Amino acid sequence: MLIYLLFLAFFCRIERSIFWFSTLYISFFSYIVMLSLPSTSSSISRKKYDVFLSFRGEDTRNNFTDHLYDALSRSGILTFRDDPKLEAGEEIAPELLNAIQQSWCSVIVFSETYAFSSWCLEELAEIVKQHNNDGHKVFPIFYHVDPSDLRKQKEKVKEAFARHEERYKEDCEKIQRWRNALIQVAAIKGWHLNNRHESEFIREIVKKISVKLYRTYPVTRSDLVGFCECLEDLYLKINIGENDVRVIGICGMGGIGKTILARVAYTQMSHHFESKSFLADIREVSDKCGLVSLQKQLLSEIFHDECFKFFNIHEGNDIISRTLSHKKVFVVLDDVDNIQHIKCLVGRHDWFGSGSRIIVTTRNKHLLRCCQVDYVYMPTTLNPKDALQLFNSKAFHSDTTPKDDFIELSDQIVNYADGLPLALEVLGSFLRGRDATQWRSAIERLKRDSNKEILDKLRINFDGLEETEKNIFLDIACFLNGEKKDFVIKVLDGCEFFPDIGIDVLIKKSLIKVDEHKDLRMHNLLQDMGRKIVKEKCVDEPGKRCRLWEEMDVHHVLTKNTPLFKLTMIKLKGSQNLVKTPDFTTAPKLEALILEGCTRLVDVHPSIGVLKSLKLLNLRDCKSLRSLPTKIGLESLETLILSGCSNLVRFPEIDGKMEHLKTLDLSSCYKIEYLQVNLQQVEFLEELDLSETSITVPPSFIFQLKNIKFLFFNGCKGPSYKSRPNLPSLFKVIQGRRTNPIAPMLPLLSGLSSLRMLKLRDCNLCEGDIPRNISGLSSLCLLDLSGNNFISIPASLTRLSKRYSIRLSNCKMLKSMPELLTSIGDVWIDGCSSLEVVASPSKNFTQAVNCFKLAENINALTLLKQHLKAFANSRKMFDIIMPGSEIPEWFSQQKSDSSIKIPVPIC
């Protein structure tokens, strides 16, 4: 078992240094520890007070507790603090006991002489009683005291109880009750002053109590399903404890729950403000009634008894800014889709009084940026567990699915909805009360035709797009969902759709997103909507559509020789029925043909070679494909992907020039032995992958490609040899180093000044094979030399002026790695089983997984301590991977969970 520790400093980008092995992950983040919200089933009735303050008057009444009380009150938290007059007698006043019972929680300020007060201890005993019996919340504050002194009752606490025992000799039960209460509360995790500024300390306390408190306010239980964590994050951004004017945006795709979050926050928080207003459906109301009507609605909801008469938005602006500038208000603008909505309704921050909060919900993130909102919160789709719970609450009025046939059927619906709350609610309500047969029928119908109510909601954003962005959206929905962003841009750029700005528009409008792997992702229901839009243009005749992706439609139009003058894209990814392609002359405007994964495809019709408009041809993993047309004259082609066509014997001869070709991928075309290509035909090529082919000598034209950025010459190794016995690979050595064809060619690479990434994995290279003039690769960012025969890092690699990363993984003969120069950035040395020596830790990222000899020679714990010390005050991220199944005892932050969040520095 192995441990992986990750430390992340505040707000910083990445520069890492990594060591050793990883399997079990434990993460530490320098971020405030989130407080968990109560479950939705624990809704409580409102109490008279939110907080009961317990404190020793002579210690803190006129300083800390007074400031705390003021901060709680300013945050709208109703707080009980005893009157000094109540302390006139010896027995605790009944008013105090009642106040405890009528408060949602107690905040106990443990000060140096707290335990000397019988009143304080009696309060404490009552607080513990309410906590144990009725769930009364308890938050201890340790103000210049050590909780262990309270628990163990030593030092001044011991002295205090000695006095109480003397005073109450005949009431031992009372003394014991006080002792037990003190022990119990002192064991609760609380807040420690720890020499911090009191103002900062108090702000943190108020913020956390606020988050806990708001979740207890009455809200419809089903509204909160799956939204507890979202509300927690949102409340921290709203933070009504501060006196600033704050505008918070909630942004996301249609149906993701923006309005629900805003409505819940409004319901739970608005009573802390002088006035409030919730303007719903602003987009729709504005279109029907205009902005002036919305301005009047805002003013009418805040000033109930007044009638405002004005007739243009400029007058409305003046009235809003003048009348609200001294009012603390809570305003929600729901479903905003135009910057004028914000400008005319909330204008600037100084339109509102101190402490005001404005929430704006929208699908357009760019709109929020233009209006300079203070915070943007972006809710995500529900996880499967919460999604099922929400669906069940609508379909069955319960949190658990009934047994029998409905379990599997419910899972199918939840999978279809893909975590979208709108879809779960609509479909749950639609299926409620229907039998299993009707459910199955509905599910089958959904596979062909998505629910209209859901798609109509989702379509709102699409209808607001410019024509170019609509085309980009539809191409992604029909063909490119899940592809790499760079690849999508490359494809769409060829269609002259200006994808860099277009994709950004779609992202800002919450129609697509880019995941952590740089893949473009569109929600399943948005994809269904896009495909339905394409089909609606010609329902009965697929041949009149501009995009085809369903196998049945493609088969229909191609076998019937239907004229396809509008068709620009065909995608049959993964079709197992396609054996040969038909004549493409009926589709002269075809720009993209995607047949990736058609593993039974054997022959491609010669007509493909004369498609003058074709820009993308993707035949990846067409493993049965044996031949292409003898000649191709694809003058517009920009991307040609043949990777994984393992039975393709010959690359076609290029007829004329392919001056637009930028990407050529022949990786894993094991039987291709040569390229009939000259420089003039492909001189603008930017990416070339000849990995794992039978080409024994790199074509000479490669070394004259002035625009080449990505060049991959990876050889063959491992299981691949067994499947192709005696098959030569690009740089495979048959008998010793002297037969290696790549080594003499490497000096020719130095002229490729645009080259950013060079991969020479498994090419049997040694130190002397790397030429001195490699420094000519002035643009190089990544050099991959994994699987070669280096004993030490070649000296020539340190001569590159630009900082670059190097991969030396699985270099089995590598024995030592000196201290890295500044020109080398990240280093991967995984699987270097002979590696024994590594220089002392630097600021480089170094990954050395499964370097067993290295692990034997280096004390991992010593190295970990060195790293923590070196990075203690760094504002950068670094990783440490070390062997073992336990966190070292000296590491102060330990927890049994899979992850913990702690502030840094920790050393």
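Any value given below was found using the heavy atoms of this structure, including those in side chains, with hydrogens, waters and symmetry copies removed. Worth saying up front: this structure is predicted, and the values here are computed from it rather than measured.
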With no hydrogens and no angle check, is any side-chain donor or acceptor of D134 less than 3.5 Å from a backbone partner on H136?
-> no
Could you tell me whether the side chain of Q184 reaches within less than 4.5 Å of the side chain of V138, counting heavy atoms only?
-> no
Polar side-chain atom of T381 near backbone of L420 as donor-acceptor pair, under 3.5 Å = no
Between R246 and Y375, is NZ or CZ placed under 6.0 angstrom from the six-membered ring centre and within 45° of the ring axis?
-> no
Between N63 and E198, a side-chain donor and acceptor under 3.5 Å | no
Could you tell me whether the side chain of S510 and the main chain of R363 form a donor-acceptor pair under 3.5 Å?
-> yes
Under 3.5 Å donor-acceptor, K258 side chain and G252 backbone = yes
With F273, the ring pair (Phe, Tyr, Trp, His ring centres under 6.0 Å) member among Y266, F352, F330 = F330
Ignoring hydrogens and angles, tell me if any N or O in the side chain of H164 forms a donor-acceptor pair with the backbone of A115 under 3.5 Å.
-> yes
Evaluate the side-chain contact (heavy atoms from CB on, under 4.5 Å) criterion for residues I141 and W191: first the C-alpha distance (whole Å), next the side-chain angles of each, then the deciding distance (0.1 Å), finally the verdict.
-> CA-CA 5 Å; I141 296 173; W191 293 291; 3.8 Å; yes
Indicate whether the side chain of T60 and that of Y114 have a donor and an acceptor atom separated by less than 3.5 Å.
-> no
Are F55 and Y143 an aromatic pair by the rule of ring centers under 6.0 Å?
-> no
Check whether any side-chain heavy atom of E123 sits under 4.5 Å from a side-chain heavy atom of S106, and report yes or no.
-> no
Donor + acceptor pair across side chains of D59, T113 (<3.5 Å) | yes
Under the 6.0 Å and 45° cation-pi test, does K174 pair with Y168?
-> yes
Taking it one step at a time, do F110 and L182 satisfy side-chain contact (heavy atoms from CB on, under 4.5 Å)?
-> CA-CA 10 Å; F110 285 118; L182 189 61; 3.6 Å; yes
